[in-house]
**Student:** 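Sharing a structure, written as structure tokens. Questions coming.
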Amino acid sequence: MKLKNIIEKRTVILYIILSILFIVVIGAIFNQIARHYVMNSYEDQLLSEGEYISQQLETTSVEHLQNEMRYYHNQFNVDLFYESEVGEQLLHTFDSAEINVLQQLRTTGAYVGEVVLIDNRLMTTYQLNEGEYITVATETLPLPDLSATIWWSVFFFSLFATVLLWRFGNRLYDSYVKPVMKATETTKELVDGNYQARIHDAPYGIASSLSHSINRLGRYLEYISTKYENQNSRLKTVVNNMESGVLLINEKGVTRLVNESFLQQFSIGDSPFIGEIYYEVINQEDLNEAIQQSVFTETKQQKTIELIDGRFVEVYLAPIKGQDGQWKGVVIVSHEITEIKRLERVRKDFVANVSHELRTPITSIQGFAETILDDDQIDEEKQKQFLKIIKKESKRLNILVQDLLDLSVLEKEGYSLNRSLFSASKLANDIKVIVEEPAKEKSLNLTLDIEDDLEVSADYYRLYQLALNLITNSIQYTNEGGNIRLAIKRQEDEMVLEVSDTGIGIAEKFQARIFERFYRVDKARSRHSGGTGLGLSIVKHIVEAHGGYIEINSQEGEGTTIQVHIPQK
């Protein structure tokens, strides 16, 4: 039991130990300061008296030197030691009991101008004449007595502090620290959810009031917890599992309820949210304005909000009123409609682009056909020219329809490739037959770089279509005399098909969109060459169907390199 009490009072013991250590450290520092002060005082006196004595003895003859030394010994209460290297004479005023000091002086000597401590006596040496030295020594310094006095003072003061701190610490511990520790432990249990925790041995005084208050708090928390636990559990389960975002704000604008969906939709981090003013934690100006309008007008609101990252959220706001008709707050329900907006935009763009692309050749065909039918005076040569244009536009219309059909097939859910194993050289040669003539017409240098004996696992027709589209684009956008290169190689577990040219290149700001349907960087040049704007979109879908990816490296005015990576099983 005593050991347990000592362990519990380890804080008091620690303070006592720290206090004693502090007193000892202070004593050690004070001892050093006192020694330093005493030694400095004696040293200053020694240097002053030694300088005077050495100056007086410089002119004194050796016959009278002993008498002069005794005179200064009595006058200044110092001892003198004379040594001559020439006559090997030794004179001193030391007592016979201090023979050990003389031996140390003769053995080691004192350096000229330096103060040394020997047997608690400060000494310094002066040179009188050539080979003659006089050593001046102070009386014995009271350093041992000084240290003993200081350390005895430290001992008794430490003992007094130990007794005082022990008695005061015990009283403080029993009256305040121990009750506070029990109250802390009980409070921790209440925080952890153990609402049955109580303080049973309540002390007296202020600590007693604290214990009774904590016990009352525990009983109240237990009551509240029992009453609302099931209700809160059901509410949290429903709210947190909703796909829609939910936010509840009270009449003071303080957030009272929110689910994960809402936090994710508006990219709100882990910072505190519940209990905060809504506009301090929601960094969405449009949403805050809608909430403010609903609060002021107490009416329902509906708003579509576009977020910074390009997502869209549909927000519904409804005021909450109590049974007495008083306004209680606002509930906000949000739904992410990014995919709906994207599909709507794609549909609109597709309809607009298809309508535009179809209208151009149809208008040409209709116009020239009407001209031929209505004008009987057109000569045969003009008719042939118009018919050639009609044929060209119908061919363009047919290519456009075919590309649209290809896209619809590639985008169809459940589309499967017709994979086979074929030679990369065969694929390249088949493509060369088609593109060689258009390349020659523009004086382009077409190069094939195919890895020897490379076998490719893919859908031959789709890969052929992909490569043909890429090379056709390079021919179209490379000026006369340029270079086009088709390379097919194996890279780890992938087949890499690379088409590079020295054409006009693509600006970096356009590179992210060139695989969109009907997107053209140079619309006039593309339509003049008969392009549909669907080629690269078809390339993208073919690559995705193979589980691969595309890399593009292009510099405006320098050329373009497109790499297609197809996994090989």
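Along the sequence shown, residues carry numbers from 1. Predicted model, so just to flag it, every value in this text is computed and none were measured. All heavy atoms count here, side chains included; hydrogens, waters and symmetry mates do not.
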**Student:** Does Ser334 use its side chain to pair, donor to acceptor, with the backbone of Glu314 at less than 3.5 Å?
**Tutor:**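 No.
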
**Student:** State the OG1-CD1 distance between Thr478 and Ile504, to the nearest 0.5 angstrom.
**Tutor:** 8.0 Å

**Student:** State, with a plain yes or no, whether a side-chain heavy atom of Pro567 is found less than 4.5 Å away from one of Asp493.
**Tutor:**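 In short, these two side chains do not touch, never coming nearer than 4.5 Å.
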
**Student:** Is the shortest heavy-atom distance from the side chain of Asp286 to the side chain of Val315 under 4.5 Å?
**Tutor:** no

**Student:** Tell me the closest heavy-atom pair linking Leu141 and Arg121, and the distance in Å.
**Tutor:**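 Taking Leu141 first and Arg121 second, the nearest heavy atoms are CD1-CA, 4.2 Å.
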
**Student:** Pairing donors with acceptors under 3.5 angstrom, does anything connect the side chains of Ser147 and Asn31?
**Tutor:** yes

**Student:** Just wondering, are more than 12 heavy atoms of other shown residues or ligands nearer than 6.0 Å to CG in Asp309?
**Tutor:**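 Enclosed: over 12 neighbouring heavy atoms sit under 6.0 Å from CG of Asp309.
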
**Student:** Just one of Asn483, Thr561, Asp501 clears the side-chain hydrogen bond (donor to acceptor under 3.5 Å, both in side chains) bar with Ser474, so which one?
**Tutor:**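 Only one option passes, and that is Asp501.
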
**Student:** Would you call the rings of Tyr52 and Tyr72 parallel, tilted or perpendicular, where under 30° means parallel and over 60° means perpendicular?
**Tutor:**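 If you compare the ring of Tyr52 with that of Tyr72, the planes turn out perpendicular.
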
**Student:** Which value, rounded to the nearest 0.5 Å, describes the distance between Lys489 atom NZ and Ile450 atom CD1?
**Tutor:** 11.0 Å

**Student:** Below 4.5 Å, heavy atoms only, C-beta onward: do Val136 and Glu49 meet side chain to side chain?
**Tutor:**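 They are not in side-chain contact.
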
**Student:** What pairs with Phe156 under ring-ring contact (aromatic ring centres under 6.0 Å, His included), at least two apart in sequence or on another chain?
**Tutor:** Trp152

**Student:** Check whether any side-chain heavy atom of Leu57 sits under 4.5 Å from a side-chain heavy atom of Glu68, and report yes or no.
**Tutor:** yes

**Student:** Within the distance-only criterion (no hydrogens, no angle test), does the side chain of Glu451 pair as donor or acceptor with the backbone N or O of Arg490 below 3.5 angstrom?
**Tutor:**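 Flag set: sc Glu451 to bb Arg490 pair under 3.5 Å.
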
**Student:** Taking His565 for its side chain and Val496 for its backbone only, find out whether a donor-acceptor pair lies under 3.5 Å.
**Tutor:**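 A pair under 3.5 Å: no.
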
**Student:** Identify the residue among Thr93, Thr135, Leu65 that makes a side chain to side chain contact (heavy atoms under 4.5 Å, CB included) with Tyr82.
**Tutor:**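 Of the listed residues Thr93, Thr135, Leu65, the side chain to side chain contact (heavy atoms under 4.5 Å, CB included) partner of Tyr82 is Leu65.
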
**Student:** Kindly indicate, with the supporting measurements, whether the criterion side chain to side chain contact (heavy atoms under 4.5 Å, CB included) is fulfilled by Phe266 and Val258.
**Tutor:** CA-CA 12 Å; Phe266 290 94; Val258 69; over 6 Å; no

**Student:** Would you say Ser294's side chain and Ala290's backbone share a donor-acceptor pair under 3.5 angstrom?
**Tutor:**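 No, the answer is negative, given that no donor and acceptor are paired below the 3.5 Å cut-off.
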
**Student:** Is there a side-chain contact between Ile249 and Val295, using heavy atoms and a 4.5 Å cut-off?
**Tutor:** no

**Student:** Find out whether Val116 and Met123 are in side-chain contact, i.e. whether some heavy atom of one side chain is under 4.5 Å from a heavy atom of the other.
**Tutor:** yes

**Student:** Ignoring hydrogens and angles, tell me if any N or O in the side chain of Thr138 forms a donor-acceptor pair with the backbone of Leu122 under 3.5 Å.
**Tutor:**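 The answer is yes, because a donor-acceptor pair under 3.5 Å joins these two groups.
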
**Student:** Taking atom types as modelled, is there a side-chain donor on Glu51 or Gln55 under 3.5 Å from an acceptor on the other?
**Tutor:** yes

**Student:** Can you name the closest pair of heavy atoms from Leu47 and Tyr126 and give their distance?
**Tutor:** O-OH, 3.5 Å

**Student:** Could you state the interatomic distance from CD (Gln555) to CD1 (Ile506), rounded to the nearest 0.5 Å?
**Tutor:**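 That separation rounds to 11.0 Å.
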
**Student:** Taking everything shown except Tyr71 itself, do over 12 heavy atoms lie less than 6.0 Å from its OH?
**Tutor:**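 12 or below, so no.
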
**Student:** Looking at residues at least two apart in the chain, or sitting in another chain, which of them share a salt bridge (Lys or Arg N to Asp or Glu O under 4.0 Å) with Glu339?
**Tutor:**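 For Glu339 the salt bridge (Lys or Arg N to Asp or Glu O under 4.0 Å) partners, ignoring immediate neighbours, are Arg342.
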
**Student:** Look up atom OG1 in Thr140 and atom OH in Tyr42, then write down how far apart they are to the nearest 0.5 Å.
**Tutor:**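 Output value for this atom pair is 9.0 Å.
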
**Student:** Search all heavy atoms of Ser261 against all heavy atoms of Ser244 and return the closest pair with its distance.
**Tutor:**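 Where Ser261 meets Ser244 most closely, the heavy atoms are CB-O, 3.6 Å.
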
**Student:** Surrounding CG of Asn74 (heavy atoms of other residues, nucleotides or ligands, distance under 6.0 Å), is the total greater than 12?
**Tutor:**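 Check passes, neighbour count above 12.
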
**Student:** What do you reckon, is OH of Tyr549 surrounded by more than 12 foreign heavy atoms closer than 6.0 Å?
**Tutor:** yes

**Student:** Please give me the minimum heavy-atom distance between His335 and Val333, naming the atom from each residue.
**Tutor:**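 For His335 and Val333, the tightest heavy-atom pair comes out as NE2-CG1, 3.7 Å.
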
**Student:** Indicate the atoms forming the closest heavy-atom contact of Val38 with Pro142, along with that distance.
**Tutor:**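 Closest approach of Val38 to Pro142, heavy atoms only: CG1-CD, 4.4 Å.
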
**Student:** Is a donor on one side and an acceptor on the other found under 3.5 Å between the side chain of Thr447 and the backbone of Leu486?
**Tutor:** no

**Student:** Roughly how far apart are Asn40 CG and Asp44 CG, rounded to 0.5 Å?
**Tutor:** 6.0 Å

**Student:** About how many Å separate CD1 of Ile562 and CG of Asn553, when rounded to the nearest 0.5 Å?
**Tutor:** 10.5 Å

**Student:** Between Phe157 and Val154, is there a side-chain heavy-atom distance shorter than 4.5 Å?
**Tutor:** no

**Student:** What is the minimum heavy-atom distance between Gly505 and Thr560, and which atoms define it?
**Tutor:** CA-OG1, 3.5 Å

**Student:** If we only count heavy atoms from C-beta on, is the Val254 to Arg256 side-chain gap below 4.5 Å?
**Tutor:**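 Touching, per the 4.5 Å side-chain cut-off.
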
**Student:** Can you name the one residue among Ile305, Val313, Leu307 that meets side chain to side chain contact (heavy atoms under 4.5 Å, CB included) with Leu287?
**Tutor:** Ile305

